[in-house]
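All values below come from the heavy atoms of this structure, side chains included, with hydrogens, waters and symmetry mates left out.
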Amino acid sequence: MEFANTMKDMFVFQSLRYVGVDESFLNPIFLRVISCFIHLGLFFVILGLCVWRMIRRGENNNNVGNKLSTRNVRFMYYKPTLFCSIGLVIFSFMLCLLTHFYWYRTGWSEEKIVTLLDFASKFLAWLLICVFLKTQLVNSGENKYPLVLRVCWGILLFVSCYCLVIDVVYGKKTQFWVPDCVFTVMGLLFCVVGFIGKKESEGNVLEEPLLNGSVVNGIDLKRSSGDQTVTPYANANIFSLFTFSWMGPLISVGYKKTLDLEDVPQLHSNDSVRGSFPIFRDKLESVGGGDGSSNRVTTLMLAKALVYTAWKEIVLSAFLVLLYTLASYVGPYLIDTLVQYLNGKRDFDNEGYVLVATFFIAKLVESLAQRHWFFKVQQGGYRARAALVAKIYNKGLTLSCQSKQSHTSGEIINFMTVDAERIGDFGWYMHDTWMVVIQVGLALLILYKNLGLAAIAAFVATVIVMLLNIPLGGLQEKFQEKLMDSKDRRMKATSEVLRNMRILKLQAWEMKFLSRIMDLRSTEAGWLKKYVYTSAMTTFVFWVSPTFVSVTAFGAAMLMGIPLESGKILSALATFRILQEPIYSLPDTISMIAQTKVSLDRIASFLSLEDLQPDVIEKLPKGSSDVAVEIIDGNFAWDVSSSTPLLKDVNLRVLNGMRVAVCGTVGSGKSSLLSSILGEMPKLSGSIKISGTKAYVAQSPWIQSGKIEENILFGKEMQREKYDEVLEACSLKKDLEILSFGDQTVIGERGINLSGGQKQRIQIARALYQDADVYLFDDPFSAVDAHTGTHLFSECIMGLLHSKTVLYVTHQVEFLPAADLILVMKDGKISQAGKYNDLLKLGSDFMELVGAHQEALMAIDTVKGEAPRKSEESSGMTGDNATVQDKHTSDGQNGKVDDDESKGQIVQEEEREKGRVGFAVYWKYITTAYGGALVPIILLAQIGFQILQIGSNYWMAWATPVSKSEPSPVSSSTLIIVYVALGIASALCIFTRSMLLVTVGYKTASLLFHKMHLCIFRAPMSFFDATPSGRILNRASTDQSAIDLNVPYQVGSFAFTIIQLIGIIAVMSQVAWQVFIVFIPVIALCIWLEQYYIPAARELARLNGTCKAPVIQHFAETISGSSTIRSFDQESRFQDASMRLIDNYSRPKFHTAAAMEWLCMRLDMLSLITFAFALIFLISLPIGTIDPSVAGLAVTYGLNLNILQAWVVWNLCMMENKIISVERILQYTGLPSEPPLIIESNRPDPNWPSCGEVDFSNLQVRYAPHMPLVLRGLTCTFFGGKKTGIVGRTGSGKSTLIQTLFRIVDPVAGQIKIDGTNISSIGLHDLRSRLSIIPQDPTMFEGTVRSNLDPLEEHSDEQIWEALDKCQLGDEVRKKEGKLYSSVSENGENWSVGQRQLVCLGRVLLKKSKVLVLDEATASVDTATDTLIQQTLRLHFTDSTVITIAHRITSVLDSDMVLLLDHGLIAEYDTPGKLLENESSLFAKLVAEYSMRSSSSFENLSDL
């Protein structure tokens, strides 16, 4: 053989000599010298070029001064060029290290020294090229790469090619082939880029952003917003997609500044909800039959549509999973071969390098496949989730009233926040079912190669472990389902409580309702406890399974007489470690499949609910008919299955331009009639026609969060003249002048920072601005005062809408004469219809309503007649209080807000922490439970487990021979006994760790939940005014779920992976301490990358939290106002707004996922360098230098190095992301609290207040420090046992005065005394429980009639029946099947507004307080019912102080005193008689106006 090689060489030399080539040109030493000098020359040339450019740049800067620098341009393939240059630097450095170590041990020679110098010169030259590319070419104005650089690249290509040819021809030095091949390929690439490439355009997606005045994708960051840019992913080239480099700009921006939503680019059209939802919707319709007539959606249909929506990602990720699985088993398969190689067994030349290359390529493929697999499943998941949420939203817009009652808004919100999220996350588990088969199959093949038939025993053990996991998985599934159901109930209750927090605080019921939520939580916590402890057992099985399987396999091998060699054992151990994943993931996957199916079932059942009947109304084009609204033989019922319709035999014909009034007693069907015209009420029979567009004003105002202007425009373009006209007609101009921001004031959730009258007028303005053809008003004048009501009627209905068709429900008889047609409703029928005078002649039902009204008018005359006597009686009583309040007002409170008054919106943007999550948050979290005492035990258990695991593997490697020919150091029985003992000890450690971890996590979650909810319920009302409930619900739902189920495991995983990484490094350093030469800089780079990445990732995670609340809030608002939205035909606009919010939520989630893969990709590459270095070092060592078994053990552990190294940083990042949930909940555990509920040292007497005298002294009130004063120095006394009426224009401060009395708002100055006790000195519950109120917005809670009347369960059934009879509801409740236990739906939707108001009356009749407040208590009832209520109150509260706020003048005429407020000041305060005596008094004018409009002469208005 040697002779043949010699002859070959001689022949080659002779041939070359024949063509005239000098032998020195063929000498490798000569070539290395030439290469060395060329690279050194290149080094100095590039260095000179750098210096020259820096000098020139300095001169240019001096000449240009402050002018704009050169445009930000880059060359074609700049990033790949830079990346390849960095690769060559690392490659050259590795070659230097390897040749140095190898030749240091084997001896030096002249050729070796020259070669080492060549590699060193290459390292220096390429390092400088990298620096040059990065620093000198970023902002140059050149068209191509510098000529010097291109020439150098050409020379390098020539030298590399020449060296490679000589290597091949010369034939002996094959170890130089690899570096010469690499340098040749790279030289060719650089030449192509340098000579062919052109300058890239400014809009290139790979441009790096700079912080100030920077450009990302060609758009100035200072001026850009996320709405203007599309993610670079959309246009990234293949290299950028492969390496996730397209994420670089965003991460760079996040590193330099705190990211805001504007900085996050828009999603690519395919990933946005606008792209995915149509695909999902069309597919759902096609699999459902395509006709769209049926609402039925099955779980299978839903699953098919979701798969179709993300099928590309599913297919691609499946291929990547297969690639990852195959690549992951290459390492375990080759370990035995590597151990034999280190033991001296060589099958062919350069086998070691081939082994290293195979290991390296396999790990590279594994890493790349895993990174893109993870990204693709998340991408598909986000797409599916967005489409699903959009579908749920759209369904919420079309639900029928009956369907809506079967699912509360809290439950529907859970479909969005929990179920849709879980379905989106299912992508992680999607491929596990078939992947596990391949993994187990490959594992068995490797085990059969190493252990023969003992592999069957390993397979049986694997199956046993999997079977053990199945019951655990089943339990997890069951507990998860129960957990979700209990969470639904809790969220439903929480949502209702937050919506009605004001009434709860007024009634002193908040702690009772808190205890209800705590009871629901305790049920939920019971299932949570079972779930987490079952998870702990599953974790225990996961970590113990490799030991169990390996003991079984090795024991079977010994029994079968199969020889155990260290290489085979190590290969098997590595296989068992990979097999650990499918063993663990299968039950987890089964559980996830079950959970996802539950979620799909829940959503499918929701999507199958009945919609509003689309064909209820026949819509006619405008002008096509003289008839505006027509109902023929209409029968309607809220419950379609009901045998008796609620509205019976309705026949109605309304011509264009007619004004139709609808009146009747409470519960007669007035609002239902309007609902039937709107198409909201299911039609049993008959027909409805409506001509043109319609507008609707609901009885309970529905106001969107946002600016007042946006609420009025409601999607229409601004027309200033028309807008001002509408504001004037609705008396809104004065209100807007008072507000700091005018019509730009942001309204809180449900218009919470507006008075009832203001909300109603904004609602009317919204309808007027739409310029519809048919207007439907549902008792809009009840919430406003008499003066404003008159103005609204004359300016709106009689003025702006004089030519429109108007149907208005009203309880005010004074508005009836102006109607062209009056409909009298009774028991669901139109009992009478006609003009005012005609109906008067007919008598009967109409006369009942008008008769009560006439009595009220007679009361005015009576009061006027008694005026002189009453004024005499009261002269000694009123004293100074009768004077107008102006003299009590200081200059600073003259009706205008001071110029220097700090102005600010009441509703602020959600608070978002910025910067790194503070250590205090982590410390608070880990020390919440048991003061952190269990944390050291958990860490010690993990350290013990790691040491015992390494010890058991070390024992197996050391105690088995390397080959068959060598004797075994210990007997077989000793080998197995020690291994089993170590395995049992490690199992105990892991059991301790798992159990203690879930104990601490569960306890912490419970404590944080209790603390947060207590702080929320004790927060002042101002917190709820300024905080949309979506923000609170987000914390109670999503963040609490994270703390329940994710955070403890994430914090634990981070600590445990660090311990594991230290263990691996310790094992590897035992074999080759030189690995630290590479490991230390690699770890430094990893830490730098993590520090570079984490600021962007942290803020993206926070944006995830803050962008979720608007989706929930918008949906909750849409559900509550769906009838208004539909009546204005605004569904498409609201769907668009929802899609925009969904995309805003998906944007940070998508980029969070991409950023994570960007980081992990780079970490994997760095850890791969460490592993490759260790392998090359091992194969370079002479035989016998190191124990092959120990070296094999190091490689076995090293196979996991890249995974674990990335896992540490990934866990750190995930922990920082998840700990934000803790941070957000801790924010709410530090909320400012209301004053104490009870002050033990200052409790009032049990019979306080005995008299009920209320004394106000210089009372000044504002809602927030940055808001103007609402009450500006009130001083007056409400006498005990007397009735005091409070009147005044809407927004004058009437309701604020009552809120101050109940200490919902505390005064900034002055005081209130009740029976001489300063109310600020006693506890809130002592105060509020002794007062009674019927609030402006009648509230009922989901539950029963009994629980609504007596939530605290203080009264007997007899007392409750008595109260119901007194408030005229007894007969109504007796008709119901459940009597007192009849169900009340969410918000009391199955009761009319008037009936709800009567329930509130029933509550105060039960309470029998000495001080009673009526805040517009009879606004929603007819005059007859109002009279009955007033009689009931007179009868049962004769000796109580009754404070009445009323818009109906008749409600306050029989009061002992009347207080008239104007702009937060007392305008008048005296007896009604005395005020009426003075015809110039404001009160007298109000009464005169009321009398005028209430007289029959009002009919003349119809001529206007």
*asked:* Please determine whether a side-chain nitrogen of the Lys or Arg among D827 and K648 lies less than 4.0 Å from a carboxylate oxygen of the Asp or Glu.
replied: no
_Going by side chain to side chain contact (heavy atoms under 4.5 Å, CB included), name the residues that satisfy it together with E1362, two or more places apart in sequence or in a different chain._
K1366
_Sequence-distant partners of F714, ring pair (Phe, Tyr, Trp, His ring centres under 6.0 Å), two or more places apart_ = F1128, F1134
_salt_bridge(D778, K670) N-O dist < 4.0 Å_ = no
*Could I get the full list of side chain to side chain donor-acceptor pair (under 3.5 Å) partners for S400, not counting sequence neighbours?*
S403
*Please name all residues satisfying side chain to side chain contact (heavy atoms under 4.5 Å, CB included) with I632, sequence neighbours left out, ordered by chain then number.*
E630, N651, S687
*Residues forming a side chain to side chain donor-acceptor pair (under 3.5 Å) with T1118, sequence neighbours excluded*: Y393
*asked:* Listing request: all side-chain hydrogen bond (donor to acceptor under 3.5 Å, both in side chains) pairs with a residue in residues 675-686, at least two apart in sequence or in separate chains.
replied: N635-S685, E680-R1126
*In chain order, what residues pass the side chain to side chain donor-acceptor pair (under 3.5 Å) check against E1131, with sequence neighbours excluded?*
none
*Please name all residues satisfying side chain to side chain contact (heavy atoms under 4.5 Å, CB included) with P780, sequence neighbours left out, ordered by chain then number.*
V697, Q760, I764, F777
*Among all residues two or more places apart in sequence or in another chain, which pass the side chain to side chain contact (heavy atoms under 4.5 Å, CB included) test with A1363?*
L1405, L1406
*Please identify each residue that fulfils side chain to side chain donor-acceptor pair (under 3.5 Å) with D1365, with sequence neighbours left out.*
R1374
*For F606, ring pair (Phe, Tyr, Trp, His ring centres under 6.0 Å) partners two or more places apart*: H407, F415
*Residues two or more places apart in sequence or in another chain: which of them pass ring pair (Phe, Tyr, Trp, His ring centres under 6.0 Å) with Y775?*
none
